[in-house]
Amino acid sequence: MAWLKTWRKIAFRWRRRELDRELAEELEFHRALKQQAVGDLSSIQMGNMTLAAEECRDMWSFLKLERLLQDMRYAARMFRRTPGFTAIAVLSLAVGIGGNAAMFTLVNTLLVRPLPYRQPDRLVRITGIFPHAAAPFFQQRERTMDIAAVSPGSEFNLSGAGDAIRILASATSANAFSVLGASAAMGRAFEGAEDSPGRDGVLVLSNSLWRTKFGGDPSVIGRVVALNGIHRQIVGIMPPTFSYPSAQVQAWIPMRLDPSNFLEYWGGEFVPLVARLRTGATVAKAQLEIRPLIDEFRKTFPYPMARDWNHDSTPIALQRDLTGDIRGKLIILLCSVGLVLLIACANVASLLLSRATTRRKELALRVALGAARTRIVRQLLTESVLLALVGGGLGILLGTGALSVFKSLLPSSTPGLAEAAIDWQVAAAVGGLALLTGLAFGIAPALSASQVNLAQPIRTGSQRSTAAFWTRLRGGLIGAEVALTVVLVVSAGLLIKSLYTLSEVHAGFQPRQILTVRISPNPSLCTQRPACIALYDRLLEGARGVPGATESAIADAVPLDAEQPDLAVDVEGHPKSADHPAPMLWAGAVSPGYIRMLGIPLLAGRDLADADGPKAAAVILISAATAKHFWPGENPIGRHIKAAGEQQWRTIVGVVGDVRQYSLSKAMPDWIPGALYMPYAQAVREDGQIPASMTLLVKTRANSDGAAREIRTLAQDQDPNVPVGQVQPLEEVVAGSIANFRATIRVFISFGGAAILLAAIGIYGLVSYWVTQRTYEIGLRVAIGATRARVVSMILGQGLRVALYGIAAGVMASLAATRFLASLLYGVGATDPATFTAVTALVLAVAIAATALPAWRASRIDPIVTLRVE
Amino acid sequence: MGRSDASELLPGTLDLLILRTLAAGEMHGYGIAQRLRQVSEDVLQVGESSLYPALQRLLLNGWVKAAWGASENNRRARYYTLTATGKKQLLSERAEFSRVVGAIEKVLNMA
């Protein structure tokens, strides 16, 4: 029967007007008959006809829904009438909710959502890195895990499919895809023993490479292409969701496991190990098993390894490993954006609270007309929830924008980052958040307003004896808001100071007016050293002819370009042992003139010269740090260093200044004590070959715009099969190395800015409200002789008291909170007194400005007008 | 003690009285009020503000239906008739009412 009733109610809506008319006619008919019977008819005898009609109409309506709609219509009308209030409230919420939507998305995608592989919770990474030999060794002995090796990827020339390009490919053991539990979208992944020599001529493409380079053509499977000149058959294409070990890897090749190739098997590239726990195994069990195996493995090395090598290797969840670096940053950002939302909520709550108070008269009137208290509370809650929902809707729009900003803060290689988008789950979470916020900041004002004393507001017209509790609550809210603002602005301040310190760092070289371009021939070209030397000689020769060029040089790595030419070396007078394995040095291969061109100071000895050719005696330059590490207090000139395993010593002929090669913030990684420079003609890499990929550097006069194009053309003309990168000013390379950091700072500045703005609005609102509330009192004070200055200082004092409490609390909170920022800071302590002082002054200044306007308005109060109104 | 407003009766009683009145045949609102007063000898006076909402409630529940027709003085009036479900409702409400009244009697008559 219930549905029939509902149906009748719905049907009623179509004929509403007609039924209303019928009812009116019926009642009129009744009145007429009654009048006929009784004669004269007073309204009392007739009863309340309006109420009857009203009740009849209610009978046919979906009462709850109607009330809700009515409340919402009413709320919308209120918002239209106070556009300033509405805009501030909605925008505050949109900023808070939008930021949170974006952060939720990132946290959900990167930290919460499981990896897109089969049973992702069984996947672990063995910390540390291992030589290729480790893969078969552990695969044979491990009982708790299936182990695979996956290299982070290195660059290869891909040719045989249009123009040669440079791609990043990861070498994996043949079982890697089955261990990860991922299969190819088309074709197949590696199988069986494809990591053994002779069978490894295969290649799996990433979805993005397949689409960009092969036009998404399914027939590429089976096609043969060349990687660094070695022919490989494309056997499969991975789905777009597969991005292991990083999103930048464009292809996978089998890792060659060839015990006969001593250098590659035991030396060469050390790679991470991933593993899948077998059924019944736990991380703890796996850990117990791996420790003794690593010890055993260390002893099988054909050369001495440090006794504590990979001593602390342990299996950790793969997801944790993938997000390890960004976890902290994400959490810091999530907290900050949460703070902004809190501030926004406090602000809106405070705004609503003051509005509820100024609306007391209206509410009292409604209570007097018979509105139930619950109805009033519901009305006010409807308003705040509506506000929150509008803010939330706008917030999701803002969030999509914010998401792309946040994404730029994280390394683009992070797996899954590209796919992060606001989805229905996050939208639902944000909707929930908005509702919750609406209820949370709506409840206090609603309760406060529902406590209206019926008679008083109507009688006196305004509210002089306000409920002290709600006023204090409001002061508390604004104080808390100021405190949160201080925390955010202090964080932003510390980061800005870090950036400033970082930009003042003496990087040890002069990047101005230098253009760089990367040229990467196949390594096979350089098996004949003279061929490579000749190529670069030609290039240097040609660069001299570029209009506007003054100097030119080549180097296998320029500072801060992420190339890391590390080399294990033997140092004269420093024999290796199990406790002192071969030291690693940053080993640059450069042309004579590089040191001078980059303005690296020559501290002792001589610079490299053209005479240091392939046939001449081997010489090197070392950096000041290298000199200090191996020969403290001695003259290193004339001493010798050689690459580990090399026959012939190289003589140190000069000492040059230290250069920030790896990052602006850190001189060198801990395990690299310093740098050395070899003349290109004499240079070796770890594998004993001359470096093939080099960067051409050309110093130009100012305003030589065409130079970049000329340089690229020059490089391309040497050999069409050699990929040539984009021409980039060295200054851009330097700026690029801290681009992430700059972006982080921009976000914090916008958080801090939003917080300050919100706090200013909050303080302004609070003080204006006080002034309005106390107009009568102030008028009275002026009437009995208070000066304008006295009134201003009274109001200022009140506003500043709240601000000062807030600032004090904020400073305390910052002292506790900023140490979580420590990992992002450079050259500034987490409790830097100068920053704290500056921020305190700034927030105080804003508080004074926000208080001054209402205080000035208070001083203009005309006692005669005020007192007469009351 | 003379007259009593029907809205102050036991809940649901007014509906029952209207249904019973209509059992005799179709009737308009004023007629129902008049009839109730006559039959109860002026004890039950139904005010317009309870009668018409009650009629709407009965319509909504589908126990009565309404149709426009000409009244005795040739004006347009709305006549209410009992529906089949209304008749069933009358029977069951009447039984329920007797049960409640009987119970109240028992309490009042206790020794």
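Protein chains get the first letters and strands the later ones, always in sequence-line order, with residue 1 at the start of each.
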So does A:R378 have more than 12 non-hydrogen atoms from other groups sitting under 6.0 Å from CZ?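 Yes - once you tally the heavy atoms of other residues, nucleotides and ligands closer than 6.0 Å, there are more than 12.
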Any chance you could measure B:Y52, atom OH, to A:L23, atom CG, to the nearest 0.5 Å?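 The CG atom of A:L23 is 8.5 Å from OH of B:Y52, to the nearest 0.5 Å.
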Do A:F29 and B:R76 come within less than 4.5 Å of each other through their side chains, counting heavy atoms only?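 In short, these two side chains do not touch, never coming nearer than 4.5 Å.
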Tell me, do B:R75 and A:L33 make a side-chain contact under 4.5 Å, heavy atoms counted?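 Of all side-chain heavy-atom pairs linking A:L33 with B:R75, none is under 4.5 Å.
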Can you name the closest pair of heavy atoms from A:H30 and B:G29 and give their distance?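 Taking A:H30 first and B:G29 second, the nearest heavy atoms are ND1-C, 4.2 Å.
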Residue, of B:G62, B:G31, B:A66, that accumulates the most heavy atom pairs under 4.5 Å with chain A: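 Option with the greatest count: B:G62.
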Going by distance alone, is a donor N or O of one side chain under 3.5 Å from an acceptor N or O of the other, for A:E22 and B:W68?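 Judged by distance alone, the side chains do pair up.
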